[in-house]
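Labels below follow one simple rule: chain letters A, B, ... track the order of the sequence lines, proteins then strands, and each chain is numbered from 1. Since this is a predicted model, take the numbers as computed values, not measurements.
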There are 2 protein chains.
Amino acid sequence: MLSIGKLSGTTGVKVPTIRYYESIGLLPEADRSAGNQRLYDLKAQERLAFIRHARELGFPLDCIRELLSLSDRPEMSCAAADVIAKRQLVSVRDRIIRLQALQQELERMLDQCACGTISDCKVIEVLSDHQNCLHSDHGEV
Amino acid sequence: MLSIGKLSGTTGVKVPTIRYYESIGLLPEADRSAGNQRLYDLKAQERLAFIRHARELGFPLDCIRELLSLSDRPEMSCAAADVIAKRQLVSVRDRIIRLQALQQELERMLDQCACGTISDCKVIEVLSDHQNCLHSDHGEV
DNA sequence: CCTTGAACCTCTAGTTGCTAGAGATCCTAT
DNA sequence: ATAGGATCTCTAGCAACTAGAGGTTCAAGG
């Protein structure tokens, strides 16, 4: 059985984050030592590693919650898991597209700037006047 | 002089967001009508458009605060504005790289999945076992 | 065995950039 | 004059944590 600190060490998830995951029910309530300190077994460790990996892949916590509950039902069809992953892929692709547009806009802005005074700074100018902008709608990134 | 609703209409920034910007000092306190309702002139409108455009380009509010204070000093060198924009460009590029790694990982995960039951679902498997993963560190996206 | 200090505990509050709602007031059009 | 939409202030909530206060427990060294 591992202490929360060791668990943190083996999974790379910070101690307060582990407690946070427990508090929102993503991890089950941990067993406690005589002195009320959390103790974790291998299963908890695997569950946390799963969460961490999914977080690294950008899945929001409620998707992870869903994926975890799916992984507890091995006999079910994996279509639901696929749907979640596909949704995530679409969102990642979308964010890439948007960010690439931003990148171009920022590059253009910087390329044009002769680096004189603020009054003829293209950075400020482009930001001030939407007409100078190639794109009309960026949306959230 | 425009009401907050009209200002919202012309700039595309939602009413509560405008009030929020005022509350955090990004916009100056607006003049008020006899009945205590906010009134905006052209200058306020321009300032808000600036903010909106910078937000669309992904600048965080404290960067925008800095850019706004720069734009108030037209005689200064625009080097500082360039630094902020370059920093933003670096961060955008970095996020693109990370997202592209995620995209590949998700694609690989989905490609491998034969869509049977959860027990042989590659999506769940990849998430469960970091060894199945091409990338070791994704960091925040 | 005792002490020291690191690790742990709970709890609250802060972060970023808003958004949603309650309950009251104002303004405009009929 | 009144109906309704728009505005006002204020609080609370969202994601996904992070930071800090103030107190307890554990493990290693003397």
Side-chain angles (χ1 to χ4, degrees), chain A residues 1-27 29-40 44 48 50-68 87-88 91-92 95 98 102 138-141, chain B residues 1-27 29-40 44 48 50-68 87-88 91 95 98 138-141:
Chain A
M1 298 289 259
L2 298 176
S3 73
I4 197 169
K6 308 280 181 198
L7 180 67
S8 170
T10 60
T11 58
V13 178
K14 289 181 194 152
V15 169
T17 304
I18 298 173
R19 287 197 278 251
Y20 168 72
Y21 286 163
E22 183 182 309
S23 81
I24 61 168
L26 205 57
L27 288 176
E29 291 196 10
D31 295 334
R32 298 298 180 115
S33 72
N36 199 35
Q37 303 198 345
R38 287 173 181 81
L39 292 176
Y40 295 94
L48 185 54
F50 184 102
I51 295 170
R52 193 206 164 177
H53 199 181
R55 284 297 297 138
E56 281 172 348
L57 288 171
F59 288 93
L61 292 184
D62 51 357
C63 285
I64 297 176
R65 208 184 287 269
E66 239 180 303
L67 288 167
L68 278 168
R87 208 195 305 140
Q88 176 64 11
S91 132
V92 166
R95 272 144 78 200
R98 288 172 185 282
L102 295 194
H138 300 290
E140 86 180 68
V141 202
Chain B
M1 298 289 260
L2 298 175
S3 73
I4 197 169
K6 309 279 182 201
L7 180 67
S8 170
T10 61
T11 58
V13 178
K14 288 180 193 151
V15 169
T17 305
I18 298 173
R19 287 197 279 251
Y20 168 71
Y21 287 163
E22 182 182 309
S23 80
I24 60 167
L26 206 57
L27 288 175
E29 290 196 12
D31 295 334
R32 298 298 180 115
S33 73
N36 199 36
Q37 302 197 345
R38 286 174 182 81
L39 292 176
Y40 296 94
L48 185 54
F50 183 103
I51 295 170
R52 194 208 162 174
H53 199 180
R55 285 295 297 139
E56 281 172 349
L57 288 171
F59 287 93
L61 292 183
D62 52 355
C63 285
I64 296 177
R65 206 185 289 272
E66 239 181 303
L67 288 166
L68 278 168
R87 207 195 304 139
Q88 177 63 11
S91 132
R95 272 146 79 200
R98 288 172 185 283
H138 301 290
E140 85 181 69
V141 203

Just the rounded figure in Å: distance from P of C/dG17 to CD1 of B/Ile64.
8 Å

If you look at every strand shown and take non-hydrogen atoms under 4.0 Å, does A/Arg38 touch a base, only sugar-phosphate, or nothing?
sugar-phosphate

Can you check whether A/Tyr20 reaches A/Glu22 side chain to side chain, under 4.5 Å on heavy atoms?
no

How is B/Ile24 classified with respect to the nucleic acid when contacts are heavy atoms under 4.0 Å: base, sugar-phosphate, or nothing?
nothing

Please state how far atom CZ in A/Arg52 lies from atom P in D/dC17, giving the value in whole angstrom units.
11 Å

To the nearest Å, how far apart are B/Lys6 NZ and D/dT7 C1'?
13 Å

d(B/Asp62 CG, B/Leu67 CG) to nearest 0.5 Å is 10.0 Å

Which nucleotide in D/dT7, D/dT9, D/dA16 has an atom nearest any side-chain atom of B/Arg32:
D/dT9

Give, for atom CD of A/Gln37 and atom OG of A/Ser3, the distance between the pair rounded to the nearest 0.5 Å.
8.0 Å

Go through A/Met1 and A/Asp31 one step at a time and tell me if the side chain to side chain contact (heavy atoms under 4.5 Å, CB included) criterion holds.
CA-CA 10 Å; A/Met1 298 289 259; A/Asp31 295 334; 3.6 Å; yes

In this structure, how many angstroms lie between the C1' atom of C/dC18 and the CG atom of B/Asp62, rounded?
15 Å

Compare side-chain N and O positions of A/Tyr21 against OP1 and OP2 of D/dA16 and report whether any pair is under 4.0 Å apart.
no

Check nucleotides 26-29 of chain C for protein N or O atoms closer than 3.5 Å to its own N or O atoms and list the pairs.
residue : atom : partner : partner atom : Å
C/dC27  : OP1  : B/Gly35 : N            : 2.9

So, taking the atom named CZ in A/Arg65 and the one named OH in A/Tyr21, what distance separates them when rounded to the nearest 0.5 Å?
11.0 Å

To the closest 0.5 Å, what do you measure between OG (B/Ser91) and CG (A/Leu102)?
9.5 Å

With B/Thr11 as reference, evaluate B/Leu48, B/Leu2, B/Ile51 under the side chain to side chain contact (heavy atoms under 4.5 Å, CB included) test and give the passing residue.
B/Leu48

Nearest-nucleotide check on DNA chain C, A/Arg19 vs B/Phe59; residue mapping nearer the 5' end is A/Arg19

Starting at atom CE of A/Met1, determine the distance to atom C1' of C/dC8, rounded to an integer number of angstrom.
16 Å

May I ask you to decide if A/Leu57's main-chain N or O and A/Gln88's side chain share a donor-acceptor pair within less than 3.5 Å?
yes

A/Leu7 CG to C/dA7 C1', in whole Å, measures 14 Å

Just by modelled atom types, is the A/Phe59 backbone N or O under 3.5 Å from a matching donor or acceptor in the A/Arg55 side chain?
yes

Report the distance from atom CG of A/Leu2 to atom P of D/dC26, rounded to the nearest whole Å.
16 Å

In whole Å, I'd like the distance from the CG atom of A/Asp31 to the P atom of C/dC9.
13 Å

Every protein N/O lying under 3.5 Å from an N/O of nucleotides 19-22 of chain C:
residue : atom : partner : partner atom : Å
C/dT19  : OP1  : B/Lys14 : NZ           : 3.2
C/dT19  : OP2  : B/Thr17 : OG1          : 2.6

Taking OP1 and OP2 of C/dC8, is either one under 4.0 Å from a side-chain nitrogen or oxygen of A/Ser3?
yes

